[in-house]
Amino acid sequence: MSNTAGQVIYCKAAVAWEAGKPLVIEEVEVAPPQAMEVRLNILFTSLCHTDVYFWEAKGQTPLFPRIFGHEAGGIVESVGEGVTDLKPGDHVLPVFTGECKECLHCKSEESNMCDLLRINTDRGVMLNDGKSRFSIRGQPIYHFVGTSTFSEYTVVHVGCVAKINPAAPLDKVCVLSCGISTGLGATLNVAKPQKGSSVAIFGLGAVGLAAAEGARIAGASRIIGVDLNSHRFDEAKKFGVTEFVNPKDHNKPVQEVIAEMTNGGVDRSVECTGSINAMISAFECVHDGWGVAVLVGVPNKDDSFKTHPMNVLNERTLKGTFFGNYKPRSDLPSVVEKYMNKELELEKFITHEVPFSEINKAFEYMLSGAGLRCIIRMGA
């Protein structure tokens, strides 16, 4: 065990004291891991839209003070009682959702939606005892989606930690612990386009570009990017996108535009915006007889999906996905290997890098729409 095992660790963390206010670098106390928990030394983390959404306290019960962050790479510092498949020194990716390996979902080959460790954005404490492992001078600081990676050390349930190849550069593969895997898996695991097929991607942010990367890896011959922001089109070419459609440029529904471009519709579509209109368009633009549409984006709570039943009866398929259908512990190591084998390119997703002391710059980049992923170097 490490020489800090069983002890409180004092380290730096970026604390969100209130909604929408800049994060403050504070010295926090990080308690030792309890049963089925591990304490990680986070080396690199990145900022995802989900962090920003909850920092802004949009549409859910705000919970502050809180340590955000959920895309990261690090090293196991110590393990709690009952942890057998991880040890100090292991290289890992913490993940916002988990895999207990015991529930019906984990035992099913078709699901990754673990009953015990499925994402919970409202919970700010650990499952084991309902308490936080973070505090400042006795005041508890809440966790975020079980990961809280904007801290040099964090405590995570063992089921939310993927052990990976120690040779993999953590400053690159850390982006696989959320958005990139979500988009990539939506295409490769759920849409499953065949070589030479056509794929439409709705939304060309990081998740949508990862879905396009999946279509490129699968050998799709036409990858049509759909976005309301034409400035995204040049960047998207690096991810295999071959054609672009901006719905604002047309006076008819975009699904009709795509059907005309593709002689009746695309073979597959992947929706990565959360817009209910984009979801309907993504479904209605696939070819009858064999077309498959996959929904990735999270809609507003009052949205409802409306389409004519004939669109389904004419043999179109609508699917949903969560985290690209990857089981975090079982499947993420092989996604890392895709990068190591040069099959998957991650560098093009990383557009900025900042030291931990300048973490608020990462928020500024994302809020201004500049770039895709910003890597935050911990301890700097």
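Sequence positions, counted from 1, serve as the residue numbers for this chain. As the structure is a prediction and not an experimental result, all values here were calculated from the model.
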Looking only at side chains, do Q255 and S281 share a donor and an acceptor under 3.5 Å apart?
yes
Within the supplied structure, the quantity of interest is the number of heavy atoms (other residues, nucleotides, ligands) at a distance under 6.0 Å from [X] [atom1]; does it exceed 12?
X: F322; atom1: CZ; answer: yes
X: L104; atom1: CG; answer: no
X: E81; atom1: CD; answer: no
X: D122; atom1: CG; answer: yes

Under the 3.5 angstrom rule, does the side chain of [X] hit a backbone N or O of [Y] as a donor-acceptor pair?
X: S197; Y: P193; answer: no
X: E99; Y: R329; answer: yes
X: D115; Y: C103; answer: no
X: S148; Y: I67; answer: yes

Just to verify, which of L344, T182, I164, V95 counts as forming a side chain to side chain contact (heavy atoms under 4.5 Å, CB included) with L176?
L344
Does the ring center of F150 lie less than 6.0 Å from the ring center of F68?
no
Please report whether the ring centroid of Y142 lies less than 6.0 Å from that of F134.
no
Drop me the distance from R316's CZ to D288's CG, to the nearest 0.5 angstrom.
5.0 Å
CG/D303 to CD1/I276 distance, rounded to the nearest 0.5 angstrom?
4.5 Å
Would you say Y153 and M126 are hydrophobically clustered, going by side-chain heavy atoms of ILVMFWY under 4.5 Å?
yes
Are K348 and F239 in a cation-pi setup, meaning NZ or CZ lies under 6.0 angstrom from the ring centre and within 45 degrees of the ring axis?
yes
Kindly write out the residues that satisfy ring pair (Phe, Tyr, Trp, His ring centres under 6.0 Å) with H352, not counting sequence neighbours, or none if the list is empty.
Y365
